[in-house]
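Scroll down for the structure; my scribbles are underneath it.
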Amino acid sequence: MESSSSGGGLARRRSSGGGGSSGRGSCDADPFDIPAKGAPLERLRKWRQAALVLNASRRFRYTLDLKKEEQKEEIRRKIRAQAHVIRAAFRFKEAGRIHVQSEETKVPSADGALGFGIKEDQLTALTRDHNYSGLQQYEGVSGVAHMLKTDTEKGISGDDSDLMARKNAFGSNTYPRKKGRSFWAFVWDACKDLTLIILMVAAAVSLALGITTEGIKEGWYDGASIAFAVLLVVFVTAISDYKQSLQFQNLNEEKQNIRLEVVRGGRRIMVSIYDLVVGDVVPLKIGDQAHKDQKSPFLMSGCKVADGYGTMLVTAVGINTEWGLLMASISEDSGEETPLQVRLNGVATFIGMVGLSVALAVLVVLLARYFTGHTYNPDGSVQYVKGKMGGVGQTIRGVVRISTVAVTIVVVAVPEGLPLAVTLTLAFSMRKMMKDKALVRRLSACETMGSASTICSDKTGTLTLNQMTVVEAYFGGKKMDSPDNAQMLSADLTSLIVEGIAQNTSGSIFEPEGGQEPEVTGSPTEKAILSWGLKLGMKFNETRSKSSILHVFPFNSEKKQGGVAVHLGGSEVHIHWKGAAEIILDSCTCWVDTDGSKHSMTPEKVAEFKKFIEDMAAASLRCVAFAYRTHEMDDVPDEDHREEWKLPEDNLIMLGIVGIKDPSRPGVRDSVRLCQAAGIKVRMVTGDNLQTARAIALECGIVDDPNVSEPAIIEGKTFRALSDLEREEAAEKISVMGRSSPNDKLLLVKALRARGHVVAVTGDGTNDAPALHEADIGLSMGIQGTEVAKESSDIIILDDNFASVVRVVRWGRSVYANIQKFIQFQLTVNFAALIINVVAAVSSGNVPLNAVQLLWVNLIMDTLGALALATEPPTNHLMERPPVGRRFVLVHVLYLLIYHLMERPQ
């Protein structure tokens, strides 16, 4: 049940639904435009072919291997085709099972393994083949759970001996990984550089000729010095490459270490995905990693829950799952090429061609001067005299020396340190951002974040603490003096409230023995409501045992409400609804008084309820209403058709409303001001109503005027009703969007990007995935975020804190700042070395910097310079500049270089 090492399983279905996907729009028509993410391979190839590259193996060693990427895409196409074939085979098999019951294949009888009632291979075959008839022969999910010594409600015991026994019997949730490349492989790659090969050949020739003509005591110096300098460059390059490889490998492992919730000993706890064992019971909700088949209870690992919630029994882990087999057989090379890397390689090619031209010019001038007798030894004698037959060896040595200088000029002139500097600064930023509670999933996000001009942020958990408590309650038609004062309510009303809280929830309460405090788990909103129910005297397990769930409509951010139908016995059915207060209120025709009596919902009473909702919202409280209605059991569809049953949501009876407080995060106001000073507009997008959104926005400093109106503060339905052009114009002015759906957030992102903004978006829900994918930078929440949201994002904010988003912006800006410093340094040294050697060659026939000296300059300039300048941490000064913009790369940097060079003499 995970993206890296998977666990297959069986599900107990509560509800299911469909999902959708959203793709990015087409890229600009410019074939040389590199989008921030999802760059087409053809465009990357065009950048490769745009200019001559002498040493491609070294130049592109930090960038995407296009050939390997094409091979990986071909593998993906084959896997998709295989998945379609398997799906068709399962459907064919299912049809045969229905029509030819007598010919079903019997599964082997379970004979147990290491104390369990079933063997590993039997479980694996059952899950991998989706053998529904075999499952029935094992007496269904409950029968398999019994053989695995698992309680479907309380899970396994979870003690060390139990976990070890399960790992011994059924394996661990890991798969054999391919070893990474060794250090010597990087040394070999560095040795493939064409210019370094030429220099090594020149060193060998120089060494041989030197020893021959001058003897070993004096003749070894030039050749050995060149060879030593080349080897030093090779090893420094290899060490740098190897270290970067290890860093990216560690980051990949961190990305794959998903944490999930399991039930052990009746308690819901969070464990690493690698600690999942066969027999575990896993609660599933929207956005978790799993997949439910509509016609059978088998789940496939690596897929996602599109809608609903339920539980899963793990029956296979690690190499016994299809995902585990796949991951064990393919490489996990996550190569990526960022737009900055692509464009810097283009500049490096251009500068390299200039250097090559200079080197050829120097070669021609030096050879011409040498063979025309205009090159002299230190004692003033001519180095080459035509017609002297005895000087052949010395002549060859002179030509080799001149050629070596020319080749070394090429080595110095080609700025190989540019790709290294980008990779170093990105890797350095990724590592440091991890300490700042931000996990980078896509390398390009590091640099793109430095260009962000607007941040569309969620409210709950990002701008607020996500520590929710019920602080106000309005039940029985009046405000309760204390939200947990159940004595004000009749027994019948309290019973209905408690029933709705206990059954209409995706959370859970563990009630330990010995009178200890109950443990509440679930989303922050669910935890707040369940905790409030406990204060009303709710006995969670006892209440749930009094009725059985018939059907669930899980809460979703589109409808902003969730419902459940429960059977109380006989023909009595209650349908409970819970959700946004004003939405639930619109569906109510009656309300319940404190004594339990029902009254019609008059316009005056509606106005009274609305006034209470507005007062709570103005105090920055989230308003959640509870309502119910009765239903006849005879009108409930049978189990075969209950899946499509739409729960009635009209003629509801209002029970009451609670106000939930979620305090703003300390320091969030300062973080918002820091963004505004940096030219970044912060926009809050929330599902809460406008009054609550306005109150929180004022607390956070997103808006300053309490009387702000449209379009600065707007409701989602109003925004989505606008035309495309009107939306783009309104988007520029929006600071707060309330009662928004995930689709409203997507429309806002598209409108802002159409206006030229570089947009960062935060999100935590499954339905946020399209907006996260569409944005230039998608930021998912590490604590409350679903796996669907995380996989659609570029960066995961591990602590769900807006301050961490601001720190990511600082690191993004530092990428550009460090690259700018390195380019200024590199080009300054490049031009100085080239001009000195060219002028000296033309004027005197000699060069002041010989091959060894030029190689040392190259080593310091390319490798060590990149290490020094690319790893500078960000400063607060970076947040005093405006965003660099979507098209910023190198023209601005080159302009600054020329400006500084012209400014220095003054």
Side-chain angles (χ1 to χ4, degrees), residues 27 32-39 43-44 47 60 62-64 244 247-248 251 334-348 417-434 436 438-455 678-680 753 756-761 772 775-779 793-797 804-824 826 866 869-875 878-879 881-894 896:
C27 300
F32 289 98
D33 180 63
I34 305 296
K37 52 186 179 182
R43 296 198 181 186
L44 298 177
W47 273 93
F60 298 115
Y62 296 110
T63 55
L64 194 65
Q244 300 315 311
Q247 287 179 8
F248 286 124
L251 287 168
S334 56
E336 183 185 355
E337 189 160 12
T338 72
L340 187 57
Q341 283 177 314
V342 172
R343 294 186 177 110
L344 279 174
N345 270 303
V347 169
L418 283 180
L420 172 61
V422 180
T423 306
L424 282 175
T425 193
L426 290 174
F428 177 74
S429 299
M430 287 176 70
R431 189 170 66 252
K432 293 296 183 181
M433 285 165 69
M434 190 74 176
D436 280 344
L439 173 61
V440 178
R441 297 189 69 253
R442 292 187 177 91
L443 198 60
S444 58
C446 288
E447 66 185 57
T448 310
M449 200 64 189
S451 307
S453 58
T454 185
I455 299 174
I680 303 171
R753 294 190 75 222
H757 286 281
V758 178
V759 184
V761 170
L772 291 169
D776 295 284
I777 313 102
L779 303 155
S793 67
D794 306 296
I795 298 174
I796 300 174
I797 304 301
S804 298
V805 177
V806 179
R807 287 194 290 270
V808 169
V809 174
R810 292 173 73 240
W811 278 111
R813 291 189 172 193
S814 77
V815 170
Y816 283 101
N818 290 346
I819 295 303
Q820 177 181 315
K821 294 171 189 173
F822 180 75
I823 290 178
Q824 289 176 328
Q826 177 129 60
L869 295 174
T871 55
E872 286 193 27
T875 61
L878 292 173
M879 297 301 286
R881 305 175 183 174
V884 294
R886 185 182 297 277
R887 289 286 182 179
F888 168 90
V889 182
L890 302 168
V891 174
H892 180 62
V893 172
L894 295 174
L896 283 175

So which heavy atom on [X] is nearest to which on [Y], and how close?
{"X": "Arg810", "Y": "Thr875", "value": "NH2-C, 3.8 Å"}
{"X": "Tyr816", "Y": "Ser451", "value": "OH-OG, 3.5 Å"}
{"X": "Ala452", "Y": "Ile680", "value": "O-CG1, 3.5 Å"}
{"X": "Arg442", "Y": "Ser793", "value": "NH1-O, 2.6 Å"}
{"X": "Ser453", "Y": "His757", "value": "OG-ND1, 3.1 Å"}
{"X": "Ser429", "Y": "Trp811", "value": "OG-CE3, 3.9 Å"}

> How far apart are the C-alpha atoms of Glu447 and Ile819, what are their side-chain angles, what is the distance that settles it, and do they pass the side-chain contact (heavy atoms from CB on, under 4.5 Å) test?
Replying inline: CA-CA 10 Å; Glu447 66 185 57; Ile819 295 303; over 6 Å; no

In Å and rounded to the nearest 0.5 Å, what is the [atom1] to [atom2] distance from [X] to [Y]?
{"X": "Asn818", "Y": "Thr871", "atom1": "CG", "atom2": "OG1", "value": "7.5 Å"}
{"X": "Met430", "Y": "Leu439", "atom1": "CE", "atom2": "CG", "value": "7.5 Å"}
{"X": "Lys821", "Y": "Glu872", "atom1": "NZ", "atom2": "CD", "value": "3.5 Å"}
{"X": "Leu779", "Y": "Ile796", "atom1": "CG", "atom2": "CD1", "value": "10.5 Å"}

> Do any N or O atoms from the side chain of Arg753 and from the backbone of Val759 form a donor-acceptor pair under 3.5 angstrom?
Replying inline: no

> So, Asp776 side chain and Ala760 main chain: donor-acceptor pair closer than 3.5 Å or not?
Replying inline: no

Heavy-atom check, side chain of [X] versus side chain of [Y], under 4.5 Å:
{"X": "Met449", "Y": "Val815", "result": "no"}
{"X": "Val809", "Y": "Ile455", "result": "yes"}
{"X": "Val805", "Y": "Ile795", "result": "no"}

>> Holding to side chain to side chain donor-acceptor pair (under 3.5 Å), I want the full list of residues that pass it with Ser814, two or more places apart in sequence or in another chain.
In response: none

>> Which residues pass the side chain to side chain contact (heavy atoms under 4.5 Å, CB included) test with Arg807, not counting sequence neighbours?
In response: Asp436, Asp799, Ala803, Ser804

> If you draw a 6.0 Å radius around NZ in Lys432, do more than 12 non-hydrogen atoms from other residues or ligands fall strictly inside?
Replying inline: no

